[in-house]
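Within every chain, numbering begins at 1; the chains are lettered A, B, ... in the order of the sequence lines, protein sequences first and strands thereafter.
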Number of protein chains: 2
Amino acid sequence: MVFNQPKIRIKDIAEMAGVSVGTVDRVIHGRSNVSKLALEKVQKVLDEIHYVPNHYASALASNKVYNFAAILPMHKEDSYWARAEEGLYEGVKRYTDFKLSFKVFRYDQFNEESFEQQARSLLAYDPCAVIIGPIFNHRIMTKFTQKLENKNIPYSLLDSYWADLNPVTFYGQDARRSGEFSAKIILMAAANHKKIALFKLLGEGRVASRQQLDREEGFRKYVKTHSPETEIVDLNLYAYDKDGMKDSMFKFFTENSDIRYGLSFNSSIHVIGNFLKDNMPDHPKITLLGYDAIDANIKCMRDGYVDFLVGQHPQHQGLNCFRSIFNSCVLHMKQEKLHYVGIELIMPENLDFYKD
Amino acid sequence: MVFNQPKIRIKDIAEMAGVSVGTVDRVIHGRSNVSKLALEKVQKVLDEIHYVPNHYASALASNKVYNFAAILPMHKEDSYWARAEEGLYEGVKRYTDFKLSFKVFRYDQFNEESFEQQARSLLAYDPCAVIIGPIFNHRIMTKFTQKLENKNIPYSLLDSYWADLNPVTFYGQDARRSGEFSAKIILMAAANHKKIALFKLLGEGRVASRQQLDREEGFRKYVKTHSPETEIVDLNLYAYDKDGMKDSMFKFFTENSDIRYGLSFNSSIHVIGNFLKDNMPDHPKITLLGYDAIDANIKCMRDGYVDFLVGQHPQHQGLNCFRSIFNSCVLHMKQEKLHYVGIELIMPENLDFYKD
DNA sequence: TTTGTAACAGTGTGCGCACACAATTATGGG
DNA sequence: CCCATAATTGTGTGCGCACACTGTTACAAA
């Protein structure tokens with residue numbers, strides 16, 4: 001039997017210490033104008049009883065308005081970041097009983113100046129806390145977080161993490177380990193087949209995020225260790241050139257007609273799947289693995305053209321990230337810092353139960 | 001930009017309707033002593049504005065004590081139910097700002113009379129809401145939930161679900177689908193090997209839960225459909241007879257020396273793994289799949305004797321189950337009813353990120 | 001008309017806390 | 001010793017709501 005024991009209130013502490021609630025309040029909040037004697041009396045009681053305030057009553061009484069902000073990469077409707085952002089909104093919605101506002105600033109992942117510009121706007125907005133979907137460039141990130149720290153604005157990181165930053169919380173996946181995980185799966189599926197295609201869909205001529213690089217690194221390391229005889233064949237595709245992409249794929253699958261397994265480290269595996277479905281319907285089955293259960297990938301999986309997806313619950317990440325910073329700022333609750341989310345395998349068999 | 005728009009309070013409604021807050025309060029709570037005219041005026045305003053109360057202020061003001069109860073199977077320290085129960089406690093702990101108590105009643109899964117006895121104690125405790133870890137016997141379950149419904153006590157189900165019951169919420173896994181999932185994984189791992197061992201660890205001479213039966217059913221169906229030539233070899237083990245178990249395993253692995261793949265549908269796969277590790281160290285590798293990332297299984301996986309685990313986040317299930325019934329009872333928030341948790345694959349590569 | 005009673009409506013208090021403000025005490029200069 | 005001022009402490013109000021209580025009105029019986 002668990003009983004949340006009758007909670008000690010400020011009033012009780014005041015009584016025990018023989019002072020008024022005002023004094024206890026001042027001590028608890030470290031406000032000035034407390035005599036040494038009174039402070040000692042209160043402190044003694046506090047030391048004994050381990051006071052935990054009623055966070056909800058506290059927030060109710062303080063009646064403050066909290067302005068949260070996020071700075072995230074621009075994104076398409078059906079994407080990791082779209083889901084993560086939805087999660088953030090869901091978090092806001094969960095706390096309609098409090099006075100919150102939430103503003104999202106979006107930057108172009110391929111344009112560092114755009115990040116700095118949005119960062120400036122964000123700082124001008126003067127939020128009480130910030131959620132960051134980090135930009136690739138470490139120096140620019142540090143510059144920004146430094147500014148936040150100088151202004152005493154707490155921040156949380158979403159998706160990728162740097163050890164030298166000091167966020168309130170981090171929510172994201174261990175990218176390298178998730179690359180190893182993908183390797184294990186695709187090698188298992190491939191069994192004795194020793195050739196694997198690695199599709200790289202490049203946004204502006206380069207990989208957008210550190211996450212993708214780390215996944216690939218983990219993947220290559222794992223394959224090298226566990227199946228050194230397996231050959232990895234790369235195919236680079238440039239998203240801004242639709243026709244060129246199609247040609248490249250034709251050429252690739254014709255030249256590498258023995259390819260039966262392939263993967264990609266971002267959420268675009270549906271591009272390959274749909275290409276095969278629409279343009280090479282007679283090609284022998286190619287087993288595909290990709291990242292993120294976005295709608296396009298899910299559809300492609302239901303059609304039978306994508307076989308494995310590695311999921312990371314972006315919406316949960318967003319929701320929990322918001323929740324953590326809310327708990328920290330509004331309810332003054334201490335938060336666990338690092339939250340590496342699970343590395344989840346999605347297949348047609350469990351797709352229905354993968355919910356964001 | 002999202003702004004939680006300035007919330008409309010009871011006071012505002014009163015003003016708009018031209019009545020006092022008391023009257024609004026009576027209308028909102030459906031209390032009596034409201035004239036038709038006043039009711040209409042308030043109702044009109046309510047219809048226009050879609051009032052959502054401040055749940056936290058409401059709970060604070062009502063200052064009620066809530067007694068929750070759970071009825072769960074007895075369990076060992078390191079088990080699915082132990083984790084689920086921890087999750088429930090965590091839920092209680094999260095709401096120390098409210099006046100809650102929580103009492104757990106434990107019954108013997110193999111003794112229906114024991115369930116009925118605990119159910120009686122529970123009813124005598126007169127809780128405001130109940131969490132049920134269902135007993136196998138459908139008739140007994142229905143009898144119990146019927147009693148709860150008669151007393152207007154809401155209940156939630158944990159782990160297994162019956163469509164003809166009407167719980168506030170359900171948290172658990174779709175057992176049949178999870179069996180199919182296991183089949184897919186083990187068939188993929190087995191590649192061209194066409195023999196799979198099915199280990200059944202029986203507590204009191206029979207399988208304890210419907211979940212296990214359903215998993216097996218899903219598994220067999222999937223194998224039959226996707227790999228009809230695969231042979232499934234059963235091994236029954238009786239937990240109460242340790243020596244007999246060991247003998248059975250020796251005999252089994254000697255007679256079926258070509259077995260390379262095996263699985264079990266409860267959390268006891270570590271028994272097989274540890275047997276192989278301790279007693280047949282020279283036996284060729286046997287790939288094992290089991291359920292639940294309990295400590296014994298995790299250890300066995302780290303030792304390299306269990307390869308796959310199907311997880312279901314029991315602690316999350318417990319926590320969320322408690323949270324849902326708390327939200328429903330205390331904060332009067334509407335709850336989504338069915339929560340099928342994900343079917344998760346755990347391997348050494350993502351084990352570190354599988355957290356409860 | 002008066003009076004009793006039921007139906008209805010409005011006010012006040014308190015949940016636990018934050019914070020403004022009032023009251024009290026201490027300190028020091030004249 | 002007195003008074004101005006600062007330092008300290010205590011009290012009151014309100015956050016949004018629930019609920020008890022008091023006050024008001026209507027209406028029927030006497």
Side-chain angles (χ1 to χ4, degrees), chain A residues 4-43 45-46 49 51-66 95-100 329-333, chain B residues 4-43 45-46 49 51-66 95-100 329-333:
Chain A
N4 279 348
Q5 68 263 47
K7 261 193 118 172
I8 294 168
R9 302 158 299 172
I10 286 190
K11 199 179 159 190
D12 301 318
I13 298 173
E15 235 163 70
M16 288 188 252
V19 296
S20 75
V21 289
T23 304
V24 176
D25 176 76
R26 277 180 283 266
V27 172
I28 286 173
H29 293 88
R31 289 192 252 272
S32 52
N33 294 332
V34 180
S35 71
K36 215 166 64 182
L37 178 70
L39 191 138
E40 272 168 15
K41 285 196 288 186
V42 174
Q43 198 56 56
V45 176
L46 285 179
I49 55 130
Y51 170 69
V52 180
N54 183 323
H55 304 101
Y56 299 96
S58 162
L60 181 65
S62 85
N63 201 24
K64 276 204 193 90
V65 175
Y66 296 88
Y95 297 109
T96 44
D97 288 350
F98 302 83
K99 297 182 176 164
L100 312 181
C329 287
V330 182
L331 302 183
H332 309 110
M333 288 170 158
Chain B
N4 278 348
Q5 68 263 48
K7 262 194 119 171
I8 294 168
R9 302 158 299 172
I10 286 190
K11 200 179 160 189
D12 301 319
I13 298 173
E15 235 162 70
M16 289 188 252
V19 296
S20 75
V21 290
T23 302
V24 177
D25 177 75
R26 277 181 283 266
V27 173
I28 286 172
H29 293 88
R31 289 191 251 273
S32 53
N33 294 331
V34 180
S35 70
K36 215 166 63 180
L37 177 69
L39 191 135
E40 271 167 15
K41 285 196 288 184
V42 174
Q43 198 56 57
V45 176
L46 286 179
I49 55 129
Y51 170 70
V52 180
N54 183 323
H55 303 101
Y56 298 96
S58 162
L60 181 65
S62 86
N63 202 24
K64 276 204 194 90
V65 175
Y66 296 89
Y95 297 110
T96 45
D97 288 350
F98 301 83
K99 297 181 177 166
L100 312 180
C329 288
V330 182
L331 301 184
H332 309 111
M333 288 169 158

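Taking the side chain of A:Arg9 as heavy atoms from C-beta on, and the options C:dC17, D:dC17, C:dC8, the nearest nucleotide is C:dC17. In the set D:dC15, D:dG10, D:dT9, D:dT9 carries the atom at the smallest distance from any side-chain atom of A:Val34. Comparing D:dC17, D:dC19, C:dC19 against the side chain of B:Lys64 picks out D:dC19 as the nearest. Among the nucleotides C:dC17, C:dC19, C:dA9, the one closest to the side chain of B:Ser20 is C:dA9.
Within the 4.5 Å cutoff, no side-chain heavy atoms of A:Tyr95 are placed close to those of A:Leu331. By the 4.5 Å heavy-atom criterion applied to side chains, A:Ile28 and A:Leu46 are counted as neighbours.
If you check every strand for non-hydrogen atoms under 4.0 Å, A:Val21 touches a base. If you check every strand for non-hydrogen atoms under 4.0 Å, B:Lys11 touches nothing.
When the side-chain nitrogen and oxygen atoms of B:Lys99 are compared with OP1 and OP2 of C:dG16, one or more of them lie within a distance under 4.0 Å. Listed pair B:Tyr51 / D:dC17 meets the phosphate criterion, a side-chain N or O lying under 4.0 Å from OP1 or OP2. Distances shown here put every side-chain N or O of B:Ser58 at or beyond 4.0 Å from the OP1 or OP2 atom of D:dC17. When the side-chain nitrogen and oxygen atoms of B:Arg26 are compared with OP1 and OP2 of D:dC19, none of them lie within a distance under 4.0 Å. When the side-chain nitrogen and oxygen atoms of A:Thr23 are compared with OP1 and OP2 of D:dT8, none of them lie within a distance under 4.0 Å.
A salt bridge between A:Asp12 and A:Lys7 is absent, with no side-chain N of the basic residue lying under 4.0 Å from a carboxylate O of the acidic one.
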